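Okay, so here's the structure we're looking at.
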Amino acid sequence: MPSQTLNNEQLSLKVETNDAWIRSRTGIISRRVIGEGETLTSLCCQAGKEAIDMAGWEPDSIDLIILATSTPDDLFGTAPQIQALLGASNAVAFDLTAACSGFLFTLITASQFLKNGSMQRALVIGADQLSSWVDWNDRRTCILFGDGAGAVAIEATSPEKCGLLGFKIKSDGSRGDCLNLRQEASHLPLTEGRTYQKGEFSPINMNGQEVYKFAVREVPAILENLLKTTDTDPQSLDWLLLHQANQRILDAVADRFSIPHQKVLSNLANYGNTSAATIPLMLDEAVKDGRVKPNHLIATSGFGAGLSWGAALIRWQGPL
Ligand code: COA
């Protein structure tokens with residue numbers, strides 16, 4: 001996590017809002033913002049190194065690094081820098097963009113290389129710096145987001161020990177307008193009769209109510225589908241690990257399956273919505289404080305811009 005915190009009171013000095021409103025509508029109390037001396041790349045390296053150390057790996061034994069991010073330090077790709085800084089000299093490294101579904105999509109993508117036998121070890125990182133892309137004068141969006149990075153080390157294993165028991169992923173670009181971060185088309189003169197479009201993005205644009213409705217409709221639907229196809233009783237889940245967007249969304253999804261709220265992992269009060277980072281950050285916290293134990297059954301779901309969403313059923317193995 002970035003070291004700089006920004007709580008609701010501090011934010012209300014910038015935009016017209018207040019702690020009670022933000023808490024009651026979202027559950028968020030504070031968030032982290034990358035400040036001077038830190039970068040997204042440095043957070044990714046820190047998270048990646050911790051994950052590699054927990055797994056007991058040598059960096060040069062990693063075959064693949066995928067960084068889920070919508071806010072790279074380098075539009076050409078940030079993952080290769082992370083590969084170099086971690087000393088993962090044998091790994092191919094690339095970025096994958098799927099906004100708040102990014103970590104889940106990346107985890108599933110990486111696992112396909114492991115399942116088909118072409119690779120053995122992968123480092124999956126989810127990281128975003130939305131503080132650079134929100135309009136800090138728009139109280140409808142700036143209260144929601146924070147910065148962060150999380151990482152998970154995954155390794156190929158025998159089919160009977162495989163921790164990824166099933167997954168579903170979906171996209172619907174026709175509804176993409178309710179949450180986007182688009183390039184603005186400003187045409188500038190190039191030479192006689194020729195123009196070019198300057199590369200500039202407008203800040204995050206969101207229709208909060210539409211996104212809310214999308215999340216509370218689609219996340220339970222895809223989870224239900226996944227649980228059915230994997231023949232899993234919701235009551236047998238140890239944990240529900242959802243993208244940390246809003247406490248009301250988390251509670252609504254849990255209620256749809258009559259899952260007690262104690263089984264819903266949540267740390268968004270402290271960090272807000274860190275986009276691709278929420279799921280690995282939450283998992284890391286719950287593994288380190290002993291809530292998530294080896295052999296626990298976890299249903300996870302990511303959802304967000306695109307629109308994109310997905311779910312996975314995981315039997316947590318822990319460090320082998
Ligand atoms: N502080 C105080 N008041 C605010 C405010 C803020 N930060 N933001 C909006 N308001 C006001 C509005 O102006 C409006 O006032 P009005 O009734 O006088 O017009 C009122 O609060 C209600 O606004 P509304 O936009 O209807 O609130 P809401 O109940 O839909 O909550 C969100 C807004 C953003 C919290 C909610 O829609 C949400 O969580 N959506 C999902 C967003 C999300 O998770 N995005 C990321 C997905 S990955």
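We're numbering straight along the sequence, starting at 1. Counting starts at 1 for both ligands and their atoms, following the listed order. All figures in this text were calculated on a predicted structure; none of them were measured in a lab.
- Close approach of ligand 1 to Cys100 (heavy-atom distance below 4.0 Å) involves ligand atoms 48 (S).
- Protein heavy atom closest to atom 42 (C) of ligand 1, with residue, atom name and distance, is Met206 SD, 3.7 Å.
- Close contacts between ligand 1 and Asn273 involve ligand atoms 46 (C), 48 (S) [criterion: under 4.0 Å to a heavy atom].
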**OP:** List the steps and the verdict of side chain to side chain contact (heavy atoms under 4.5 Å, CB included) for Asp135 and Ile204.
**Re:** CA-CA 7 Å; Asp135 176 352; Ile204 293 173; over 6 Å; no

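- The side-chain heavy atoms of Leu241 and Ile279, taken from C-beta on, include a pair separated by under 4.5 Å.
- In this structure, the separation between CG on Leu179 and CZ on Arg175 is 12.5 Å, given to the nearest 0.5 Å.
- Here the side chains of Leu144 and Met206 are in contact, with some heavy-atom distance below 4.5 Å.
- Scanning the protein heavy atoms around atom 47 (C) of ligand 1, the nearest turns out to be Val211 CG1, 3.5 Å.
- Going from atom CH2 of Trp239 over to atom CD1 of Ile298 covers 9.0 Å, rounded to the nearest 0.5 Å.
- Of the polar atoms of Ile143, none of the N or O atoms is found under 3.5 Å from an N or O of ligand 1, judged by distance alone.
- Arg32 contributes atom CZ, which lies 5.0 Å from atom OH of Tyr271 (distance to the nearest 0.5 angstrom).
- In this structure, the separation between CD1 on Ile29 and CG on Asn8 is 7.0 Å, given to the nearest 0.5 Å.
- Side-chain contact between Leu96 and Leu67 is absent, with no heavy-atom pair separated by less than 4.5 Å.
- The CG atom of Asp255 sits 10.5 Å away from atom CG of Leu250, with the distance rounded to the nearest 0.5 Å.
- For atom 35 (C) of ligand 1, the nearest non-hydrogen atom from the set Thr26, Asn207, Ile22, Leu268 belongs to Thr26.
- There is no protein heavy atom closer than 4.0 angstrom to atom 16 (P) of ligand 1.
- The single protein non-hydrogen atom nearest to atom 12 (C) of ligand 1 is Arg139 NH2, 3.9 Å, given as residue, atom name and distance.
- Counting protein heavy atoms only, atom 28 (P) of ligand 1 is closest to Arg25 NH1, 3.5 Å.
- For atom 39 (O) of ligand 1, the protein comes within 4.0 Å by at least one heavy atom.
- Heavy-atom contacts of Phe303 reach the following atoms of ligand 1: 48 (S) (cutoff under 4.0 Å).
- Using a 4.0 Å threshold on non-hydrogen atoms, atom 32 (C) of ligand 1 does not count as touching the protein.
- Between Asn246 and ligand 1 there is a heavy-atom distance shorter than 4.0 Å.
- The OG atom of Ser266 sits 9.0 Å away from the CD atom of Glu285 when rounded to the nearest 0.5 Å.
- Aromatic ring centres of Trp309 and Phe214 lie closer together than 6.0 Å.
- For the pair Leu86 and Lys49, the minimum side-chain heavy-atom distance is below 4.5 Å.
- If you check which protein heavy atom lies closest to atom 6 (C) of ligand 1, you get Thr17 OG1, 3.3 Å.
- The protein does not reach atom 19 (O) of ligand 1 closely, with no heavy atom under 4.0 angstrom from it.
- Of the protein's non-hydrogen atoms, Gly208 O, 3.5 Å is the one closest to atom 41 (C) of ligand 1.
- Counting heavy atoms under 4.0 Å from ligand 1, residue Thr141 does not touch it at all.
- In this structure, the protein non-hydrogen atom closest to atom 44 (O) of ligand 1 is Ala245 CB, 3.6 Å.
- When hydrogens are left out, the protein atom nearest atom 30 (O) of ligand 1 is Gln209 CG, 3.3 Å; that is the closest non-hydrogen contact.
- Atom numbering of ligand 1 starts at 1 in the shown order; those under 4.0 Å from a heavy atom of His243 are 48 (S).
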